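See structure below.
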Amino acid sequence: MELKNKKILLGVTGGIAAYKAPEICSLLCKQGANVKVIMTETAKQFVSKLTFQTMSRNLVYTDMFEEYPQNAEISHISLAKWADIFVIAPASANSIAKFANGISDNLLSATFLAARSPVMIVPAMNTFMLNNPATEANMNTLKERGIAILATQSDLLACNDVGNGKMLEPTEIVEEIDNRLRKKDLLGKNVLVTAGPTIEAIDPVRYLTNYSSGKMGYALAEEAEKRGANVTLISGPTAIKKPKVSKFISVVSSLDMYQAVLENFVNADIVIKAAAPADYRPKVYHSQKIKKEIGGEFKIEFERNPDILKSVAAKKRHQFMVGFAAESENELANAMTKLTAKNLDMIIVNNIKAENAGFQSDTNVVTIIDKHKNIENIEEMTKIELAKLILDKIKKAVAF
Ligand SMILES: Cc1cc2nc3c(=O)[nH]c(=O)nc-3n(C[C@H](O)[C@H](O)[C@H](O)COP(=O)(O)O)c2cc1C
């Protein structure tokens with residue numbers, strides 16, 4: 001998350017979803033953000049000022065004319081100036097109408113008019129209020145002026161109607177805030193990431209695979225997309241949540257992955273091969289389930305799968321190529337050989353023997369080797385943090 005030390009102004013209006021606003025405040029504060037809250041008079045009917053004050057450890061602002069002790073300046077102007085981002089969640093139909101029409105008759109709407117930071121509106125209301133042409137027109141006006149308006153969800157609403165109008169969940173709102181505050185240093189770049197294991201079928205019910213979970217590749221893909229890249233993620237079968245990326249290609253076998261990589265390689269600016277495709281596949285695929293009655297020893301003969309990295313290395317033009325290595329012995333020597341043999345610009349060596357590292361784990365311990373053979377040992381960190389660090393290093397190495 002990029003929320004640490006970020007100044008977030010949270011506006012809360014009088015809708016039933018206001019009960020979720022303290023959670024938004026809490027999640028932001030837990031990420032290290034500095035949150036100041038403005039409540040409308042109506043919002044105070046739904047949730048208390050004290051709750052936000054306790055969560056944010058800051059004064060809560062409600063009145064345009066009250067003199068706030070730490071704030072000698074005019075509140076609506078100084079708060080607007082202070083914020084890195086101004087988020088109104090939940091935003092009522094009434095406040096949205098005020099924002100769209102330049103009405104500034106309370107602290108929240110006056111601060112909106114004075115805003116100079118990016119503004120994000122998170123609506124929440126009854127379906128008929130949402131679909132009313134007046135609300136639709138107000139939202140369109142705001143969108144045309146560059147204000148971000150997050151979508152609402154369809155569900156059973158507090159008023160017992162079923163339909164659109166439910167506010168996004170606090171975790172999703174915080175993710176959107178994080179996304180908007182994040183540096184976009186990979187804007188427009190095409191990033192190809194492979195992730196996860198492959199599975200090699202023996203018969204209709206049996207297969208061979210490996211322990212790769214896909215977590216490292218998914219973290220890299222998600223982070224690159226958040227930084228503005230158009231990410232194509234080619235993934236083997238995994239049990240984890242699919243990340244939000246421009247293009248997700250699901251594959252099963254090493255041959256499928258090879259094909260998908262070849263099809264998507266040419267347009268890529270950065271290629272990150274974090275998958276663990278199987279090196280071998282059974283030579284014969286049995287179209288019927290192999291019966292145990294065969295008895296005795298059962299042997300499977302294998303044949304080599306194409307070496308995906310090596311094949312694309314031969315086609316490399318402008319692409320910055322990053323490989324991963326998971327070795328159980330002579331890690332560095334093997335990785336150095338792979339770096340040169342596969343024409344890589346960087347190789348990340350998974351320390352699969354370290355605790356809290358390698359396959360399945362949420363954390364990783366790696367060594368990064370660049371194409372000049374500079375070696376850097378990276379201490380244990382989460383795969384999400386490591387993804388950020390790897391992308392920072394790629395960004396530094398590539399002269400975009
Ligand atoms: C129980 C209750 C729930 C309400 N929920 C919503 C809501 O979810 N969305 C909305 O736009 N208005 C809702 N309203 C109406 C607003 O409170 C009303 O329009 C008010 O003027 C909003 O003021 P504000 O925008 O200054 O906060 C609700 C009213 C009541 C009594």
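Note that the structure is predicted; figures quoted are calculated from it, not measured. Count residues from 1 along the sequence.
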Margin query: Tell me which one of D178, D185, N179 satisfies side-chain hydrogen bond (donor to acceptor under 3.5 Å, both in side chains) with R182.
Written below: D178
Next item on the list: Would you mind listing every ring pair (Phe, Tyr, Trp, His ring centres under 6.0 Å) that reaches into residues 198-234, with sequence neighbours excluded?
Entry: none
Check: Any side-chain donor-acceptor pair under 3.5 Å between N132 and T135?
Finding: no
Notebook entry, point to check: Under 3.5 Å, is there a donor-acceptor pair between the side chain of K338 and the main chain of F324?
Noted result: yes
Notebook entry, point to check: Taking NZ, NE, NH1 and NH2 as the nitrogens, is one of them in K316 or D345 under 4.0 Å from a carboxylate oxygen of the other?
Noted result: yes
Check: So does E41 pair up with K44, basic N to acidic O under 4.0 Å?
Finding: yes
Check: Sequence neighbours excluded, which residues qualify as ring-ring contact (aromatic ring centres under 6.0 Å, His included) partners of F99?
Finding: F112
Next item on the list: Might you confirm whether atom CD of E303 has over 12 heavy atoms from other residues, nucleotides or ligands at distances under 6.0 Å?
Entry: yes
Item checked: N34/N58 under side chain to side chain donor-acceptor pair (under 3.5 Å): CA gap, chis, key distance, verdict -> CA-CA 8 Å; N34 186 1; N58 270 324; 2.8 Å; yes
Notebook entry, point to check: Under a 4.5 Å side-chain heavy-atom rule over Ile, Leu, Val, Met, Phe, Trp and Tyr, are L181 and L10 clustered together?
Noted result: yes
Check: Hey, does the Lys NZ or Arg CZ of K242 hover above the aromatic six-ring of F248, less than 6.0 Å from the centre and inside 45° of the axis?
Finding: yes
Note to self: Using every non-hydrogen atom in the two residues, find where Y61 and S75 come nearest and quote the distance to one decimal.
What the structure shows: CD2-OG, 4.4 Å
Item checked: V231 backbone acceptor or donor facing E225 side chain under 3.5 Å -> yes
Note to self: Given M216, which partner from the list I272, I390, I384, V193 fulfils the side chain to side chain contact (heavy atoms under 4.5 Å, CB included) test?
What the structure shows: I390
Note to self: As a quick check of understanding, evaluate side-chain contact (heavy atoms from CB on, under 4.5 Å) for I249 and T232, giving each step before the final call.
What the structure shows: CA-CA 7 Å; I249 302 172; T232 298; 3.8 Å; yes
Margin query: Tell me the closest heavy-atom pair linking G214 and A195, and the distance in Å.
Written below: O-CB, 4.1 Å
Margin query: Between N330 and N334, do the side chains contain a donor N or O and an acceptor N or O under 3.5 Å apart?
Written below: no
Margin query: Are there over 12 heavy-atom neighbours, none belonging to R57, within less than 6.0 Å of that residue's CZ?
Written below: no
Item checked: H286 side chain to P204 backbone, donor-acceptor under 3.5 Å -> no
Note to self: Taking the cut-offs as 6.0 angstrom to the six-membered ring centre and 45 degrees off its axis, would you call R281 and F302 a cation-pi pair?
What the structure shows: no
Note to self: Any side-chain to backbone donor/acceptor pair from T51 onto V47? Under 3.5 Å, distance only.
What the structure shows: no
Next item on the list: May I ask you to decide if R317's main-chain N or O and Q319's side chain share a donor-acceptor pair within less than 3.5 Å?
Entry: yes
Checklist line | Residues K215, D362: salt bridge by 4.0 Å N-O rule | finding: yes
Item checked: Salt-bridge present (K342, D307; N to O < 4.0 Å) -> yes
Item checked: Contacts of type side-chain hydrogen bond (donor to acceptor under 3.5 Å, both in side chains), residue S104, not counting sequence neighbours -> none
Check: What distance do I300 atom CD1 and L208 atom CG have between them, rounded to the nearest 0.5 Å?
Finding: 5.5 Å
Item checked: Salt-bridge criterion met for D203 and R206 (N-O under 4.0 Å) -> yes
Next item on the list: Calculate, to the nearest 0.5 Å, the distance between atoms CG and CD1 belonging to L391 and I270 respectively.
Entry: 7.0 Å
Margin query: Let's go through T152 and N164 carefully: what are the C-alpha distance in whole Å and the side-chain angles of both, what is the deciding distance for side chain to side chain donor-acceptor pair (under 3.5 Å) to 0.1 Å, and is it a yes or a no?
Written below: CA-CA 6 Å; T152 45; N164 200 0; 2.8 Å; yes
Next item on the list: Please answer whether the main-chain N or O of V252 pairs with a side-chain N or O of T198 as donor and acceptor at a distance below 3.5 Å.
Entry: no
Margin query: Strictly distance-based, threshold 3.5 Å: is any side-chain N or O of S95 a donor or acceptor partner for the main-chain N or O of S92?
Written below: no
Next item on the list: Could I get the full list of side-chain hydrogen bond (donor to acceptor under 3.5 Å, both in side chains) partners for N210, not counting sequence neighbours?
Entry: none
Item checked: Hydrophobic cluster membership, V35 vs M55, 4.5 Å side-chain cutoff -> no
Check: In terms of hydrophobic clusters joined by side-chain contacts under 4.5 Å, are I378 and M346 together?
Finding: yes
Next item on the list: Run the numbers on L386 and V366 for side-chain contact (heavy atoms from CB on, under 4.5 Å), then give the verdict.
Entry: CA-CA 9 Å; L386 183 58; V366 301; 3.8 Å; yes
Notebook entry, point to check: Side chain of N377, backbone of T367: donor and acceptor closer than 3.5 Å?
Noted result: no
Margin query: For K184, I'd like to know if atom NZ has over 12 heavy atoms of other residues, nucleotides or ligands within 6.0 Å.
Written below: yes
Notebook entry, point to check: Does F265 share a hydrophobic cluster with L220, counting links as ILVMFWY side-chain heavy atoms below 4.5 Å and allowing steps through other members?
Noted result: no
Next item on the list: Report yes or no: does D84 contribute a side-chain atom to a donor-acceptor pair with the main-chain N or O of K6 at less than 3.5 Å?
Entry: no
Item checked: From E223, E172, E175, residue fulfilling salt bridge (Lys or Arg N to Asp or Glu O under 4.0 Å) relative to K244 -> E175
Notebook entry, point to check: Should the heavy atoms of other residues, nucleotides or ligands under 6.0 Å from CD of Q45 be counted, would the total exceed 12?
Noted result: no
Would you give me the side-chain donor-acceptor pairs under 3.5 Å for residues 119-126, sequence neighbours excluded?
| unit_1 | atom_1 | unit_2 | atom_2 | d |
| --- | --- | --- | --- | --- |
| N126 | OD1 | F128 | N | 2.7 |
| N126 | OD1 | M129 | N | 3.4 |
| N126 | ND2 | D161 | OD2 | 3.0 |

Next item on the list: Could you give me the CA-CA distance, side-chain angles and deciding distance for N190 and N230, then say whether side chain to side chain donor-acceptor pair (under 3.5 Å) is met?
Entry: CA-CA 5 Å; N190 295 324; N230 308 311; 3.2 Å; yes
Item checked: For the student: nearest non-hydrogen atoms of P90 and T13, plus distance -> O-OG1, 2.7 Å
Check: Where do I202 and P282 come nearest, in terms of heavy atoms and distance?
Finding: CG1-CG, 4.0 Å
Notebook entry, point to check: Is there a donor-acceptor pair under 3.5 Å between the side chain of D256 and the backbone N or O of S253?
Noted result: yes
Check: Regarding T141 and E144, is there a side-chain donor-to-acceptor distance under 3.5 Å anywhere?
Finding: no
Check: What's the spacing between E169 CD and I24 CD1 if we round to 0.5 Å?
Finding: 9.5 Å
Next item on the list: Measure the OG-NZ distance between S26 and K30 for me, rounded to the nearest 0.5 Å.
Entry: 4.0 Å
Note to self: According to side-chain hydrogen bond (donor to acceptor under 3.5 Å, both in side chains), who are the partners of T340, at least two apart in sequence or on a separate chain?
What the structure shows: K373
